[in-house]
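Input: a single structure, listed below in structure tokens.
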Amino acid sequence: MVRKVICALDTSDLKEAVTIVQRLSGYVGAFKIGHALVLPHGLDVVQRLQDVGASRIFLDLKFHDIPNSVALAVRQAVKYGVWMMTLHTAGGPAMMSAAVEEAQQSPFDVPPLLVGVSVLTSLDQHVLTDHLGIRRTIEEHLVYLSRLAVDCGLDGVVCSPQEVAAVRRALGHEGIIVVPGIRPAGAKTHDQVRVGTAQAALQDGADYLVIGRALTDCLDPQVALEALGFDVSESHPH
Ligand code: C5P
């Protein structure tokens with residue numbers, strides 16, 4: 001079992017998601033679901049996946065709205081016992097604080113981890129500067145928003161492999177860093193631009209790695225994890 005690995009379930013097909021969870025739940029620490037699965041199936045999908053072995057669910061809905069609306073959304077999500085969820089740091093301090101306060105009302109022993117999304121990897125410097133009017137470099141802005149997120153009480157942030165080191169430097173030991181865009185060395189990058197290997201991201205200070213296709217496209221989880229550089233000799237299915 002590689003606890004630091006979060007498998008991304010990027011499908012709208014619940015049957016397919018269930019099959020992937022059954023195949024991988026003995027090997028990875030958590031499963032990430034987003035709009036693709038929640039919009040057609042509702043939040044009941046959380047329980048459905050927990051029932052087939054996904055003990056930790058990362059709800060990636062990237063909340064971004066006025067504080068009251070985000071608090072209402074977090075209130076619904078915590079009822080389902082999700083382990084981690086995302087919100088946009090660009091929503092500002094009041095929005096993040098409202099989310100933190102709401103998460104603390106969780107009926108479960110451990111409240112969900114709230115992690116902040118800052119500069120989407122689909123944005124480049126030209127868009128940030130010339131269209132969004134932000135005068136910082138991508139890295140400066142990302143580090144600035146990550147620091148703000150942790151100061152507002154969020155448990156951590158999301159960033160690409162190429163930014164982990166800078167974010168870790170800025171946060172010190174505070175806050176967890178969740179990193180998508182992980183590929184085996186020399187593998188296909190698909191639509192991702194800022195990619196990196198699992199080992200480099202962990203060395204740079206990542207706490208959790210979100211991995212989608214490199215895991216879900218392979219029928220043998222052990223082979224997939226070994227290709228990603230993990231030692232899975234201890235792993236075994238339930
Ligand atoms: O298949 P792959 O490993 O590229 O999947 C990565 C997952 O991480 C997807 O669910 C994607 O939405 C998510 N993600 C990302 N880049 C970000 C934030 C999230 O790829 N910057």
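Every number for a ligand or one of its atoms is a count from 1 in the order of the listing.
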Short N/O distance, under 3.5 Å, between R213 and ligand 1?
yes
For the backbone of H141 and the side chain of R136, can you confirm whether one donor and one acceptor N or O come within less than 3.5 Å of each other?
no
Closest protein heavy atom (residue, atom, distance) for atom 6 (C) of ligand 1
Q192 NE2, 3.8 Å
re atom 13 (C) of ligand 1, the protein heavy-atom contact at minimum distance is K32 NZ, 3.8 Å
Nearest to atom 3 (O) of ligand 1, what protein heavy atom do you find, and at what distance?
G212 N, 2.8 Å
Applying side-chain hydrogen bond (donor to acceptor under 3.5 Å, both in side chains), name anything that partners T86, two or more places apart in sequence or on another chain.
D60
Report yes if the side chains of S25 and F31 come closer than 4.5 Å at any heavy-atom pair, otherwise no.
yes
Any salt bridge linking R169 with D204? Criterion: basic side-chain nitrogen under 4.0 Å from a carboxylate oxygen.
no
Is there a heavy atom of D10 sitting under 4.0 angstrom from any atom of ligand 1?
yes
Please identify which atoms of ligand 1 are closer than 4.0 Å to at least one heavy atom of A8.
7 (C), 10 (O)
Over 12 non-hydrogen atoms of neighbours within 6.0 angstrom of CD in E140
yes
Pairwise side-chain contact, V167 with V157, heavy-atom cut-off 4.5 Å (strictly under):
yes
Those atoms of ligand 1 less than 4.0 Å from some heavy atom in R183:
2 (P), 3 (O), 4 (O)
Of all protein heavy atoms, the one nearest atom 21 (N) of ligand 1 is T121 OG1, 3.0 Å
Short N/O distance, under 3.5 Å, between K62 and ligand 1?
no
State whether the shortest distance between N or O atoms of P180 and N or O atoms of ligand 1 falls below 3.5 angstrom.
no
Numbering the atoms of ligand 1 from 1, which are under 4.0 Å from a heavy atom of V210?
7 (C), 8 (O)
Side chain proximity check, R183 to T197, heavy atoms < 4.5 angstrom:
no
State plainly whether the residues R147 and E174 are in salt-bridge range, i.e. N to O under 4.0 Å.
yes
